Visitor: 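Once you've had a glance at the structure underneath, I'll fire off some questions.
All ligand and atom numbering here is 1-based and tracks the order in the structure. Every heavy atom of this structure was used, including side-chain atoms; hydrogens, water molecules and symmetry mates were not. Every value quoted in this text rests on a predicted model; they were computed, and no experiment measured them.
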Amino acid sequence: MPKKLDKKPKKTVRVNKAPQLLRGFKDILAEEQKYWQFIRKTVGSFVSGYGYSEIGLPILEETSLFARAIGKQTDIVEKEMFTFADQGEGSITMRPEATASVARAYISHGMLNLPQPVKLFYWGPMFRREKPQAGRYRQFTQFGFEMIGDINPVIDTQLITLAYNFFKQIGLSQVSIQVNSIGCPTCRKSYREELVSYYKSKRKMLCEDCKKRLIKNPLRLLDCKQPGCQQLKGEAPQIVDWLDDECKEHFIRVIEYLDELDIPYVLNPYLVRGLDYYTKTVFEIWPSEQEQGSQSAMAGGGRYDGLIELIGGRPTPGAGFSAGIERIISQLKEKEVEIPTENEPQVFLAQIGNQAKIRSMILFEKLRQENIRVVESFSKDSLKSQLELANKLGTKYALILGQKEVIDGTILIRDMESGVQEIIDFNKTVNELKKKLANHSTI
Ligand code: HAM
């Protein structure tokens with residue numbers, strides 16, 4: 001016998017749930033903007049100072065660009081790309097980095113006809129479907145400097161110097177520059193064989209990921225953070241011992257130039273980087289010697305002499321680096337670096353009564369046109385709450401316009417720190433304010 005249904009079917013309740021921020025993505029709120037502006041402005045002076053031109057690059061590219069440039073066996077291409085089919089037009093990917101796009105643009109626009117090296121700068125969001133954790137986002141912002149068309153080791157040193165000077169300039173002079181050479185494909189081939197044979201004998205002691213790396217991407221074995229694997233790398237063969245004469249000479253020159261320029265660095269034989277296009281010099285900038293590893297690296301780069309050819313161009317050398325803004329900001333906060341605040345409001349314009357409100361709205365426009373950083377709260381009527389807001393915003397002065405002042409053709413100017421108020425001629429507001437602000441900024 002069929003069971004009697006004694007329960008009423010459950011009502012489906014539609015919950016009006018607000019959409020959530022995606023994991024690994026982040027909003028950049030008003031209070032954080034000063035860090036972004038500070039970095040953008042500082043890096044801007046390096047772009048012009050070192051003779052780079054900015055290039056704007058698309059966020060979407062053909063998937064094959066990244067597969068060929070970064071390497072099919074890398075973590076980025078294998079599991080971290082946001083890739084989708086473009087409605088019958090092939091596979092496209094949200095760029096996980098920008099060096100491949102710079103190389104593509106160099107070929108697309110025939111930049112080999114320009115005076116070499118071509119020096120390009122970019123700034124923008126990158127996308128990697130990594131496991132979100134501290135300092136690791138799925139959308140993050142990089143700026144980068146690339147120099148294409150010159151094989152000279154002086155280029156590598158210049159890039160490291162630029163990066164170091166940038167970090168010094170923003171107040172992070174304790175950074176640690178990690179440098180290595182991973183040679184060219186020829187010397188790397190024999191090194192890889194040696195490395196595989198060493199690790200094969202220790203296979204049982206390797207973590208599961210490293211067992212896979214042994215087959216797919218043996219150089220990344222040196223990067224593993226597992227304590228067991230860390231111990232093994234101490235005895236592993238080092239690539240510097242396998243460099244051919246040309247690669248060795250190149251590396252020695254880079255190091256010599258760094259010494260001459262007094263740039264501090266650490267030779268790190270285990271630094272291999274996670275992208276396949278590198279040749280010869282590779283480097284990373286860590287917050288300090290102690291805060292090491294790819295998760296806290298603030299910048300990374302190196303030479304990529306085979307990249308342009310790899311994606312279909314003529315053989316053309318290149319080198320560059322990029323830096324992660326979110327990680328830099330987190331360091332600026334951790335090290336309590338004081339950020340210059342140039343855009344803070346200077347004056348609050350308070351008003352009481354309808355006539356005063358109208359006059360204030362006109363005065364506000366005038367002050368703004370005179371480049372005085374003025375703020376207001378025209379929707380508020382109470383003077384007390386307007387002055388409270390002025391206090392909160394930290395303006396040096398408040399202008400107060402009430403019914404009496406409108407009739408008298410005056411305005412009050414109040415020093416927010418001392419509370420001293422002065423009556424001035426309404427028509428002289430701009431000049432008086434400018435004088436006071438000029439005096440204030442020289443104190
Ligand atoms: P990369 O080491 O993959 O190199 O990234 C450079 C920097 O981007 C890192 O040092 C880090 O600061 C930041 N970054 C990377 N992934 C994340 C993430 N998931 N979350 C937050 N920040 C991240 C490159 O991208 C190469 N294109 C660098 C280069 C330029 N090589 C030659 N030219």
Visitor: Ignoring hydrogens and geometry beyond distance, is a side-chain donor-acceptor pair present between T42 and Q169 at under 3.5 Å?
Guide: no

Visitor: Return a yes/no value for E326: is any of its N or O atoms, backbone included, closer than 3.5 angstrom to an N or O of ligand 1?
Guide: no

Visitor: Using a plain distance cutoff, I'd like to know if F140 has any nitrogen or oxygen under 3.5 Å from a nitrogen or oxygen of ligand 1.
Guide: no

Visitor: For ligand 1, indicate whether the residue Y277 contacts it via side chain, backbone, both or neither (heavy-atom separation under 4.0 Å).
Guide: side chain

Visitor: Test Y277 against T99 for side chain to side chain donor-acceptor pair (under 3.5 Å), laying out the working first.
Guide: CA-CA 10 Å; Y277 52 60; T99 311; 3.3 Å; yes

Visitor: Which of the atoms of ligand 1 are close to G300, meaning less than 4.0 Å from one of its heavy atoms?
Guide: 10 (O), 28 (C), 29 (C)

Visitor: Tell me whether E370 is salt-bridged to K366, with the criterion being a basic N under 4.0 Å from an acidic carboxylate O.
Guide: no

Visitor: State yes or no: are the ring centers of F143 and F46 separated by less than 6.0 Å?
Guide: no

Visitor: Does ligand 1 come near enough to Q142 that some N or O of the ligand is less than 3.5 Å from an N or O of the residue?
Guide: yes

Visitor: Looking at non-hydrogen atoms alone, which of R128, R273, E97 comes nearest to atom 3 (O) of ligand 1?
Guide: R128

Visitor: For Y304 and Y278, I'd like to know if the aromatic rings sit close, meaning centre-to-centre distance below 6.0 Å.
Guide: no

Visitor: When rounded to the nearest 0.5 angstrom, what is the spacing between CD in E146 and OH in Y122?
Guide: 4.0 Å

Visitor: Against heavy atoms of M298, which atoms of ligand 1 measure under 4.0 Å?
Guide: 10 (O), 12 (O)

Visitor: Counting both backbone and side chain atoms, is some N or O of A297 under 3.5 Å from an N or O of ligand 1?
Guide: yes

Visitor: Quick check: does Y304 get an N/O under 3.5 Å from an N/O on ligand 1?
Guide: no

Visitor: Pull out every atom of ligand 1 sitting under 4.0 Å from any heavy atom of E146, numbered as shown with elements.
Guide: 30 (C), 32 (C), 33 (N)

Visitor: Which ligand 1 atoms does Y278 reach within 4.0 Å, using its non-hydrogen atoms?
Guide: 26 (C), 28 (C), 29 (C), 31 (N), 32 (C)

Visitor: Can you check whether G324 has an N/O within less than 3.5 Å of an N/O in ligand 1?
Guide: yes

Visitor: Indicate whether any N or O donor in one side chain lies under 3.5 Å from an N or O acceptor in the other, for K335 and Q331.
Guide: yes

Visitor: Taking 4.0 Å as the limit for heavy-atom contacts, which would you say applies to R327 with ligand 1: side chain only, backbone only, both, or neither?
Guide: side chain

Visitor: Using a 4.0 Å cut-off to any heavy atom of A299, which atoms of ligand 1 qualify?
Guide: 10 (O)

Visitor: Could you tell me whether K26 and E32 have a side-chain N and a carboxylate O separated by less than 4.0 Å?
Guide: yes

Visitor: Answer yes or no: is there an ion pair linking R40 with E54, defined by an N-O contact shorter than 4.0 Å?
Guide: yes

Visitor: For ligand 1, find out whether one of its N or O atoms is nearer than 3.5 Å to an N or O atom of T99.
Guide: yes

Visitor: Need the ligand 1 atom indices (1-based, order shown) with element for anything under 4.0 Å from a heavy-atom of S322.
Guide: 6 (C), 7 (C), 24 (C), 25 (O), 26 (C), 27 (N), 28 (C), 29 (C), 30 (C)

Visitor: Can G135 be said to touch ligand 1, with heavy atoms closer than 4.0 Å?
Guide: yes

Visitor: So for atom CD, which belongs to E336, do other residues, nucleotides or ligands contribute more than 12 heavy atoms lying within a distance under 6.0 Å?
Guide: no

Visitor: With distance as the sole criterion, is a donor-acceptor pair present between the side chains of E326 and T141 under 3.5 Å?
Guide: yes

